[in-house]
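Heads up: the structure comes next, in structure tokens.
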Amino acid sequence: HRSSWCQPQYSAFVGNIDMIAELCTLYDDYGLIAYANTKGAAVQQLYNNLQERKATVEDALRFLLGYLHDDDVKKYAAAFGLEEVADAVGTNPGGNPHNSLMLDPARHFLPVNDVKFFIDQMARYKYNILQLHLTDDQGWRVEIKKHPKLVGKDYYTQEQLAEIIQYAAQRNIEVIPELDIPGHTVAILAAYPELGCTHTDTLPKIVGKTTDLMLCANNEKVYSVYQDIIKEISSLFPSDYIHLGGDEAVIEKNWTQCSRCESMMKKLGYQKASQLMIPFFSRMLSFVQENNKTPILWCELDNIYPPANDYLFPYPKNVTLVSWRGGLTPTCLELTRKHGNPLIMAPGEYAYLDYPQLKGDFPEFNNWGMPVTTLEKSYQFDPGYGVPAEDQAHIIGVMGTLWGEAIRDINRATYMAYPRAFALAEAGWTQMKFHNWESFKQRLYPNLTNLMKKGVSVRVPFEIADKK
């Protein structure tokens, strides 16, 4: 983890090899890479490597206890005489508290049991946050009792979401809801077309086909409806956070052509329609705050490609931002440090797990020319981007995103996630000085085998094998 490692002697591990084997055997359900007895190949190889000084203390620590839940680390390690190990991998000292994956059932709906299955795999690798992208152009997937017209054929009832939340909590995973605004809103505009801009009120809105529409910034009903929505979501989700999107707003096609928005710009003396994000989110964030929640938004800058110089609009300090646009993370990192916004790192070039893992690999449909993000590329991810510790102290964690345009079901979701999610987990939990690609590759294979035995669809990274 991101803390000082203790340095027990190799003999402490060698002398306790039987205890090590028993610990691995008894608690294999936590995702430990082990076999049924002390003669298991993985345990025996660790023993041999320790004897020959080919394994480091770090290797042994990762092998034994890297994926136990924090409370269990102390409990079980102490029971087997491995207190020094427990001290070294204690309750996330100095590590990132927010280590997350994101599922996107808005694009392609994922049934409750499939979400639970995904949560099970997250728990094995110490992810502690699941973000659910619940609303987009392709669907509104959460029941809002005060506005029942929002949902279509496939959606989660509030009771089903409560079931998912409880299931995740039992595995030390927090579920954060995302409701994307002011763009990515065709689903709600199809149900309530009067929430759009003046020139789009009468346009046909086909969920799953229509795109590039936005909520009107100067429409009081928009705010009253979302006040209701945020209140119900806040009551349903125990998490301290609500994610309100804020990304990819096609302002030039909406607010710049809307008579109500133009009137608001004149009244406020704005020169650019993007400045309407200020009053829009001022209202929306007030609803989050009145429900005692903390808002998260995707970090948008004044350019979608480098170079960029500033935020798209001034984000309040209480907003946690997520860096995501390829090439812009260093700028976002510096701006959030300067302005005091907590930051989650999800840079597209490392952490977008819906991107192909190798040239010519999936996705085979809805691929808009996605860049390739190889396993090795994901493993190179340094959440702090090499800046001094004091300049990355506001980073609270990492996130791997699985946008659902090209992910039709849970088997494809896990295929796209693993093994790259192993690399991202290590980025969240391990200091960069302890990263070792060769060590990671060796630890990778038994982990993939373990997942496959449990019926998890994974991609086998044949390209990293030593084929000599």
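A heavy-atom distance below 4.5 Å is found between the side chains of L321 and V319. The side-chain heavy atoms of Q275 and W255, taken from C-beta on, include no pair separated by under 4.5 Å. Two residues are said to be in side-chain contact when any heavy atoms from C-beta on lie closer than 4.5 Å; H147 and W140 fail this criterion. Contact check for T449 versus K453: side-chain heavy atoms found under the 4.5 Å cut-off. For the pair P363/I407, no side-chain contact is recorded, criterion being any heavy-atom separation below 4.5 Å from C-beta on. The side-chain heavy atoms of I176 and F237, taken from C-beta on, include no pair separated by under 4.5 Å. Side-chain contact check for L110 versus L103: some heavy-atom pair is nearer than 4.5 Å. You'll find the side chain of Y350 stays beyond 4.5 Å of the side chain of D382, heavy atoms only.
A donor-acceptor pair under 3.5 Å is formed between the side chain of S224 and the backbone N or O of K221. Formation of a donor-acceptor pair under 3.5 Å by the T198 side chain with backbone atoms of C258 is not found in this model. The closest donor-acceptor contact from the side chain of T200 to the backbone of C197 lies under 3.5 Å. D137 places no side-chain N or O within 3.5 Å of a backbone atom of G208 that could act as its donor or acceptor partner. Checking side-chain atoms of T336 against main-chain N and O of L333 turns up a donor-acceptor pair under 3.5 Å. Under a 3.5 Å cut-off, the side chain of T157 and the backbone N or O of Q160 do form a donor-acceptor pair. Checked by atom type and distance alone, the side chain of D180 pairs as donor or acceptor with a backbone atom of G246 at under 3.5 Å.
For residues 145-165, the set of pairs meeting the salt bridge (charged side-chain N to carboxylate O under 4.0 Å, His left out) definition, not counting sequence neighbours, comprises K116-E163, E143-K145, K145-E159, K146-D228. For residues 262-282, no residue pair satisfies the salt bridge (charged side-chain N to carboxylate O under 4.0 Å, His left out) rule, not counting sequence neighbours. Within the structure, ring pair (Phe, Tyr, Trp, His ring centres under 6.0 Å) pairs that include any residue of residues 204-229 comprise Y223-F280 (at least two apart or interchain).
The nearest pair of heavy atoms linking L215 to L189 is CD2-CD2, 4.1 Å. Scanning both residues, L130 and I173, for their nearest heavy atoms gives N-CG2, 3.8 Å. Pairing each heavy atom of A191 with each of L150, the nearest pair is CB-CA, 4.2 Å. The shortest non-hydrogen separation linking A106 to L134 is CB-C, 3.8 Å. What you find for V142 and I233 is that their closest heavy atoms are CG2-CD1, 3.7 Å. Nearest heavy-atom pair, H108 versus E405, reported as atom, atom and distance to 0.1 Å: CE1-O, 3.1 Å.
Once rounded to the nearest 0.5 Å, the distance linking CG of L285 with CG of L244 reads 6.5 Å. Atoms CE and CD, on M284 and Q289 in that order, are 13.5 Å from each other to the nearest 0.5 Å. The distance from atom OG of S239 to atom CD1 of I129, rounded to the nearest 0.5 Å, is 6.0 Å. Distance CD1/I242 to OG/S234: 3.0 Å, rounded to 0.5 Å.
Among residues two or more places apart in sequence or in another chain, the side-chain contact (heavy atoms from CB on, under 4.5 Å) test is passed with T294 by Y241, T320. The salt bridge (charged side-chain N to carboxylate O under 4.0 Å, His left out) test applied to K377 returns no partner, not counting sequence neighbours.
No option in K126, R443, H435 other than R443 meets the side-chain hydrogen bond (donor to acceptor under 3.5 Å, both in side chains) test with E426. With N309 as reference, D302 is the one residue of N303, D302, L335 to meet the side-chain contact (heavy atoms from CB on, under 4.5 Å) rule. Partner N254 forms a side-chain contact (heavy atoms from CB on, under 4.5 Å) with one of V250, T256, I251 and no other, that one being V250.
Under the 30°/60° scheme for interplanar angles, the aromatic rings of F313 and Y315 are found to be tilted. In this pair, H133 and H184 present their aromatic rings perpendicular. The plane angle is above 60°, beyond the 30 to 60° band.
The pair R260-E220 does not count as a salt bridge, with every side-chain nitrogen at least 4.0 angstrom from each carboxylate oxygen. Classification of R107 and D136 as a salt-bridged pair holds, one side-chain N sitting under 4.0 Å from a carboxylate O. R325 and E349 are not joined by a salt bridge, as no carboxylate oxygen comes within less than 4.0 angstrom of a charged side-chain nitrogen.
Counted by atom type alone, Y125 and N99 present zero donor-acceptor pairs between their side chains at under 3.5 Å. At a cut-off of 3.5 Å, with distance as the only test, a side-chain donor of Y167 or D120 sits close to an acceptor on the other residue. A donor-acceptor pair shorter than 3.5 Å can be found between the side chains of Y311 and N341. Checking Q131 against S100 by side-chain atom types alone, no donor-acceptor pair falls below 3.5 Å. Using modelled atom types and a 3.5 Å distance limit, the side chains of Q227 and E290 yield a donor-acceptor pair.
The cationic atom of R412 (NZ for Lys, CZ for Arg) lies less than 6.0 Å from the six-membered ring centre of F362 and within 45° of the ring axis. Remark: R420 is not positioned above the aromatic ring of Y418, lacking an NZ or CZ atom under 6.0 angstrom from the ring centre and at most 45 degrees off the axis.
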Derivation and outcome, salt bridge (Lys or Arg N to Asp or Glu O under 4.0 Å), residues D361 and R459: CA-CA 10 Å; D361 199 55; R459 181 181 179 275; 3.4 Å; yes

Enumerate donor-acceptor pairs with a distance under 3.5 Å from any side-chain N or O in residues 351-359 to protein atoms, sequence neighbours excluded.
{"unit_1": "Y352", "atom_1": "OH", "unit_2": "W403", "atom_2": "NE1", "d": "3.3"}
{"unit_1": "Q357", "atom_1": "NE2", "unit_2": "Y415", "atom_2": "O", "d": "2.9"}

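Atom CD of Q271 has 12 or fewer heavy atoms from other residues, nucleotides or ligands within 6.0 Å.
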